[in-house]
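Comments concern the structure below.
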Amino acid sequence: MFMPEPYQIHQRLDALADCPHWQRLTEGYRNMQLIRTFDKKAVNLQRTGQLGTYASCLGAEAIATAGGMALAREDYFVPYYRDHATQYLRGVPLYQILQYWGGDERGNAFPADTPASRDLPNCVPIATQLPQAAGIATKAKLTHEHAAVLATCGDGGTSRGDFYETLNVAGVWQLPLVVMVNNNQWAISVPGQLQTASRSIAHKAEAAGIEGIRVDGNDLPALLEVLDYALDKARHGKGATLVEAISYRLSDHTTADDASRYRKASELHTAWQHEPIARLRHALVNARQWDAEQETQWQQHCRDVVDDAVKTYLEHPPQVPADMLDHLYATLPASLGRQRQTLSRQQGDPHA
Amino acid sequence: MFMPEPYQIHQRLDALADCPHWQRLTEGYRNMQLIRTFDKKAVNLQRTGQLGTYASCLGAEAIATAGGMALAREDYFVPYYRDHATQYLRGVPLYQILQYWGGDERGNAFPADTPASRDLPNCVPIATQLPQAAGIATKAKLTHEHAAVLATCGDGGTSRGDFYETLNVAGVWQLPLVVMVNNNQWAISVPGQLQTASRSIAHKAEAAGIEGIRVDGNDLPALLEVLDYALDKARHGKGATLVEAISYRLSDHTTADDASRYRKASELHTAWQHEPIARLRHALVNARQWDAEQETQWQQHCRDVVDDAVKTYLEHPPQVPADMLDHLYATLPASLGRQRQTLSRQQGDPHA
Amino acid sequence: MHNAQQRPQHALPLNLVEAINRALFQAMSDDHRVVLLGEDIATNGGVFRATEGLKAHFGLRRVMDTPLAENLIAGLSVGMASQGLKPVAEIQFMGFIYAALEQLISHAARLRHRTRGRLSCPLVIRAPFGGGIHAPEHHSESTEALFAHVPGLRVVIPSSPSRAYGLLRAAISCPDPVLFLEPKRLYRLQRLPVDLDDAPLPLDRCFTLRPGEDITLISWGAMIHETLAAADHLAQAGIKAEVIDVATLNPLDRDTLVASVSKTGRAVIVHEAPFTGGFGAEIAATLASDALMQLRAPVTRVTGYDTPMPYFAMEREYMPSVERIVAAAKQQMEY
Amino acid sequence: MHNAQQRPQHALPLNLVEAINRALFQAMSDDHRVVLLGEDIATNGGVFRATEGLKAHFGLRRVMDTPLAENLIAGLSVGMASQGLKPVAEIQFMGFIYAALEQLISHAARLRHRTRGRLSCPLVIRAPFGGGIHAPEHHSESTEALFAHVPGLRVVIPSSPSRAYGLLRAAISCPDPVLFLEPKRLYRLQRLPVDLDDAPLPLDRCFTLRPGEDITLISWGAMIHETLAAADHLAQAGIKAEVIDVATLNPLDRDTLVASVSKTGRAVIVHEAPFTGGFGAEIAATLASDALMQLRAPVTRVTGYDTPMPYFAMEREYMPSVERIVAAAKQQMEY
Ligand SMILES: Cc1ncc(C[n+]2csc(CCOP(=O)(O)OP(=O)(O)O)c2C)c(N)n1
Ligand SMILES: Cc1ncc(C[n+]2csc(CCOP(=O)(O)OP(=O)(O)O)c2C)c(N)n1
Ligand SMILES: [Mg+2]
Ligand SMILES: [Mg+2]
């Protein structure tokens, strides 16, 4: 069984020979490819005015895929905004992910029959999802569920008090919580060394008396091992874990950003040498678990699935204006009746 | 020179023989006695309806006295609300401390010619003073002052995000800041083990990559050594320090609290065995630096000084109602003229 | 103190904080999903004793002392509520609620909305508010207007023991997030009969506490007492004042307010909070739009001044007095 | 981009964000105590480029990228300002300002007050606000009313490049704390002449942008543009609308508003923020009290709905349109 070494960066891809889980890894590989295909398409949709500002997950595929694969159905997922792969693996259809980034609240109405049905939607105000994740973990603990909560944030998110307040209560209350930080080295234009002087992000666990683990965020098998370990620990009432997954943001921050203003092309170039998908493919091919033909077929499949999702997204009829009042309260307060009337009248008249 | 041992609780009282600073210690002893006399009187004033809710500093005398003695005139002090001794030593007259707790803003108008003149007033919203202290430290650093900032809070205060955000920026920006936590084991009724699971409060420094030091908060010479070290380090641009001073709150939380509801008499009794004043007196007497006659004289002096302060406090004429508008803006906005008129009319009429 | 067996059949004399305590007890007895969290609420029973005895009865799993962090308390509550618990969180004083605002505005109030009903957030945040008890600085705030401007967040303020009981029961049952502000000056003011078996009170209605034809006095929270006293004074001068307790600021029961002022033609609005941007403005604005043609005199707001609540030596000068209310009403009668 | 030698003598064509940038540059050149802090403001020049070029000119000591924490940004600013610096902090979007509220309400706005003038807090918090640019969720907030209710905190909102320049210069010189809200929809809307040598503008005045006798249209921020367009429409129908840009919400220039509406007898107030408890209520309430007898028609508020700003696909339906303003004004003319 995997036992973490305190604050050593856990890696696995370079020593896969003894890995008995080839099937899980090829499945993981497929997921990562799919989400990268989706991601490229989403960026394109934004560039052509068919999607709003979009946060790419380029470089975060292994982290988010590992999250989605390690979580059990009964677990809870509390994302930040680069976790498309996890959301997809929890059962959110790709077209809903597009809806969300397309400025449509229906993208958060995850299907009832999926593990995602209870998950929180994307969180935009940085780190505010973390105390909520602690609240969900408290609920799971109080009601004796055999379930863990996985919450994510970025390296920038670790600077907000919420991050620390969450770890602290998770320590005191021994919550079934795993906080995974996608340390992609940048918070928009702010590099890690301007974000914190701590020896590592995992070391921040010391402040809360919980376990901190570092893992190569471009190494899917390592991530799976670490998450299996931490989630299992949580489910068995053995306390919370902070996981620092070290990656690199290969994209601009979002489609509204131009990273060339603040980081060197050479740095980006180097980072591409370690990107998670090629590394895993290389390992799988070496181990004869994957070949060029499979690759071609799967890539075609990814394109088809994504094209389908785009079609569904684009063909969805728009919401009606009154929707903006109808979901706010469980039942519309009488005092809002007049406003709703105005909105209903507006309906259909694009210039009203 | 003093070199801290990582996370060992620094003590000095038991090994004073080689201490060359007897004069400083007897001065410290006098200060602690004075503030305890003041504290008793303040509690009495509250009980007799002459003061508002009051936060006693019983058990915090060594911590706050060390702060006041270690700070240089050019340094800055950012208190919480149990630092009467530090405030006094920075030059705040005792009657102003009473004014503050008597519900009179003039208690915060520290005299211009004292080190306190730039210090922040008491801070009631827990831990919110800490990011401000980081701001003051930033100012000191930007303007190349040879000065440090000392900020304090309680063990409860370490659970607020502000605490961590402050340490974190102090680490990144190498701020001349010392955060001293008065770990008196309780936050009102909440004991330390419900506040955090970290190995110690000093360990929380790991999250920010700054130095953390533990010290016996009932041991004045130890506190002085630690603060001298940390403040000096700050003044010389060598970074921030977190100091955990371990004490015990010998009083109720405030005069509005009844600690017998939530903590055992036996625990309190034990704590009294380590209270800072008797321990220091014992050491001084042993070393023939203090005797019964000096004690009697000094206690009389303390009573006189405190009685004087009470007299000045009670004889102070009340503020006029319009004061509540006149200090809000640098100059009263025209639009508040009408409100000021109403207030001026109210003046003198207690039922208006 | 609490014993489910001895559930009383009839009205009990309770003060406001006892009524709160009973409502919590009853809600926790009736619904196992109700849990409490906050600072000093378990062993200590809350600094005002609102949760006294509840830890002993329901255990530490349902009455949780949190670490000292209001943002955390709010965030924990949002998380719990999103998964079907009904957290009732105490913020020790309203002056310490601001760190919780982000969770309330950006999450609690819009969780149902942004998930199109998939998740909801049935939490209650309780906080003692208002001045008049000679408390230290930051302990006497009345910033209800900030919250009443947050769509999706209900803001409820009782002004008597029975309304405290009935409204808190309703707030805890409510599927929407509720900010429940308790006028701490009234906590122990008087014991009045509270029928514990009464139905919960509506969370979208004003209460007309006293009928009258000449002028409408509108208030909420502790100021209801000055307002009622002012109505007494006015009655002695032959002026019949209708007194309305707004009780729920959001959603606002404009109909009751507009109907009353349409009848009387005059309105004085009373609140402790500062004048500018206080919730009195919303009510006056409603009258200026929906009852304008019936208004016979300028709408007056009798409020705190545009300054933070002063330290307690001057708090009496700050808070609206019976005299100021009476004077405002009499001035209106001259139109 | 910036060069102190080439200080222009005459008006320059600038858009609103360029005007902000120039005001910052000028203030930093004139007063070495002015420092900037915020997220992504140094190397990146701010996500809207408001601080572009300033790090290169003034160095990292005066243009500071902070760790990602809004509460920290506000607290740092309070600390700096308490000791004589003049921090100008950027909050990246108004939707992320809530964590800073505690520092603003409990400290910045009352530091002078509670120390009886010993310390003061001359900080400026800048934040882009408002909708209309198809931004992601939480990026289109207009919660100015929360801040305008905080005594001691000035709230200033420009609606043109020259007012942005003149008001920001004034805000940075001001000895009081100022929240400076920048309508991001206007950032790059149009370039208009800005005279960089003009005196700073007053922080307690409304601006009458267009005189008229029949009705007063009152607004601020980006909505000024819809409001001015509505006035054009009304003019075609023979209705002469006076248009007032409130510009400073706190302290509020009631005199200008009351004088205008006393003249026209009619008022439409326009803002993007939700209706209930929006700052329009304060203005309507002022009219209901100080101009009641001159009002010929109910005061109308044309605002966002009582719901959070919808995700961008529906933001157009949410925001007040020229048509809604015109319709409200025409309805008033029927009285
Ligand atoms: C509270 C808050 N402040 C600021 C922002 C604006 N913002 C969006 S993403 C971001 C950087 C986040 O960096 P990080 O946490 O490292 O995550 P990454 O985007 O790198 O994955 C910022 C400042 C925000 N969304 N929320
Ligand atoms: C933000 C905030 N929350 C709650 C309170 C109420 N309160 C006052 S003191 C206190 C406990 C503080 O404990 P600690 O930090 O350990 O300091 P101590 O009083 O023990 O010295 C609490 C909860 C407050 N003043 N501010
Ligand atoms: Mg990052
Ligand atoms: Mg303590």
Side-chain angles (χ1 to χ4, degrees), chain A residues 76 78 100 104-112 116-125 127-143 145 149 151 160-162 164-166 168-169 171-173 175 319 323-336 338, chain C residues 32-33 35 37 61-62 64-85 87 99 102-103 105-123 151-154 174-177 203-205 248 250-255 290:
Chain A
Y76 300 83
V78 180
Y100 173 83
D104 185 332
E105 289 86 352
R106 288 173 300 181
N108 291 329
F110 306 155
S117 63
R118 302 182 305 178
D119 293 350
L120 294 192
N122 281 347
C123 186
V124 168
T128 56
Q129 73 278 21
L130 301 178
Q132 297 168 8
I136 299 177
T138 307
K139 182 257 181 182
K141 179 168 181 159
L142 290 183
T143 55
E145 299 173 28
V149 180
R160 290 239 330 173
D162 310 60
Y164 168 76
E165 292 178 358
T166 299
N168 191 55
V169 76
V172 181
W173 290 0
L175 295 180
Q319 299 187 84
D323 279 359
M324 74 173 82
L325 281 181
D326 285 351
H327 300 280
L328 191 56
Y329 299 90
T331 48
L332 191 78
S335 63
L336 288 183
R338 226 200 276 176
Chain C
H32 66 276
R33 294 170 305 171
V35 297
L37 67 163
R61 291 190 154 247
R62 291 183 67 194
M64 295 171 255
D65 272 339
T66 64
L68 201 169
E70 287 72 14
N71 174 56
L72 174 69
I73 292 172
L76 285 169
S77 302
V78 171
M80 291 176 188
S82 75
Q83 305 301 329
L85 287 186
E102 181 161 41
Q103 286 290 339
I105 297 178
S106 299
H107 293 291
R110 55 179 94 173
L111 187 58
R112 175 191 297 278
H113 180 72
R114 58 197 283 269
T115 61
R116 285 296 179 259
R118 179 172 63 87
L119 299 174
S120 64
C121 199
L123 58 77
L153 182 66
R154 291 178 188 263
C174 178
D176 306 318
L203 290 185
D204 55 0
R205 283 293 142 71
T248 294
N250 185 43
L252 179 63
D253 173 11
R254 296 175 204 272
D255 292 347
D290 299 359

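Any value given below was found using the heavy atoms of this structure, including those in side chains, with hydrogens, waters and symmetry copies removed. Order of the sequence lines sets the chain letters (A, B, ...), proteins ahead of strands, with each chain counted from 1.
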| side chain to side chain contact (heavy atoms under 4.5 Å, CB included) between Arg338(A) and Asp290(C), worked out | CA-CA 12 Å; Arg338(A) 226 200 276 176; Asp290(C) 299 359; 2.8 Å; yes
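- Not a single donor-acceptor pair under 3.5 Å links the side chain of Arg62(C) to the backbone N or O of Leu142(A).
- If you measure heavy-atom distances from Asp323(A) to chain C, the contacts under 4.5 Å come from both the backbone and the side chain.
- Contact record, Pro121(A) with Thr115(C): CG-CG2, 3.7 Å, taken as the closest heavy-atom pair.
- Interatomic distance, Lys139(A) NZ to Arg33(C) CZ, rounded to the nearest 0.5 Å: 11.0 Å.
- Residue Leu252(C) comes nearest to Ser335(A) through the heavy atom pair O-CB, 3.3 Å, listed as atom of the first residue, atom of the second, then distance.
- If you measure heavy-atom distances from Ala74(C) to chain A, you find no contacts under 4.5 Å at all.
- Here the side chain of Arg118(A) pairs no donor or acceptor atom with the backbone of Gln83(C) at under 3.5 angstrom.
- Here Glu102(C) is the residue among Glu102(C), Arg254(C), His32(C) with the most heavy-atom pairs under 4.5 Å with chain A.
- Both the backbone and the side chain of Asp162(A) come within contact range of chain C, each with at least one heavy atom under 4.5 Å from a heavy atom of that chain.
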| task | Please assess His107(C) against Cys123(A) for the test side chain to side chain contact (heavy atoms under 4.5 Å, CB included), listing each intermediate value before the final yes or no. | result | CA-CA 9 Å; His107(C) 293 291; Cys123(A) 186; 3.7 Å; yes
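- The part of Asp176(C) that comes within reach of chain A is its side chain, from C-beta onward, which places non-hydrogen atoms under 4.5 angstrom from that chain.
- In terms of modelled atom types and a separation under 3.5 Å, the side chain of Arg116(C) and the main chain of Asn108(A) share no donor-acceptor contact.
- Side-chain contact check for Gln132(A) versus Ser82(C): every heavy-atom pair is 4.5 Å or farther apart.
- When heavy atoms are compared at a cutoff of 4.5 Å, Thr66(C) approaches chain A by way of both its backbone and its side chain.
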| said: Applying side chain to side chain contact (heavy atoms under 4.5 Å, CB included) to Tyr329(A) and Asp204(C), what does each step give before you reach the verdict? | reply: CA-CA 12 Å; Tyr329(A) 299 90; Asp204(C) 55 0; over 6 Å; no
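- With a threshold of 4.5 angstrom between heavy atoms, Asp104(A) does not approach chain C through any atom at all.
- Looking at Asp65(C), only its backbone comes within 4.5 Å of chain A, counting heavy atoms on both sides.
- For the atom pair Arg118(C) CZ and His327(A) NE2, the distance stands at 13.5 Å (nearest 0.5 Å).
- Taking Val78(C), Leu37(C), Leu111(C), Ile73(C) one by one and counting their heavy-atom pairs under 4.5 Å with chain A, the maximum is reached by Val78(C).
- Proximity to chain C is limited to the side chain of Thr138(A), based on heavy atoms less than 4.5 angstrom apart.
- Distance check, rounded to the nearest 0.5 Å: CG of Leu76(C) to CG of Leu130(A) gives 11.5 Å.
- Ser106(C) is not listed as a side-chain neighbour of Val124(A), based on a closest heavy-atom distance of 4.5 Å or more.
- Heavy atoms of Phe110(A) lying under 4.5 Å from chain C belong to its backbone as well as its side chain.
- Proximity to chain C is absent for every atom of Ala151(A), based on heavy atoms less than 4.5 angstrom apart.
- Put simply, of Arg114(C), Arg154(C), Met80(C), the one with the most heavy-atom pairs under 4.5 Å next to chain A is Arg114(C).
- With a 4.5 angstrom heavy-atom cutoff, Leu153(C) touches chain A only via backbone atoms.
- Both the backbone and the side chain of Leu120(A) come within contact range of chain C, with heavy atoms under 4.5 Å apart.
- Heavy atoms closer than 4.5 Å to chain C are found in both the backbone and the side chain of Ala109(A).
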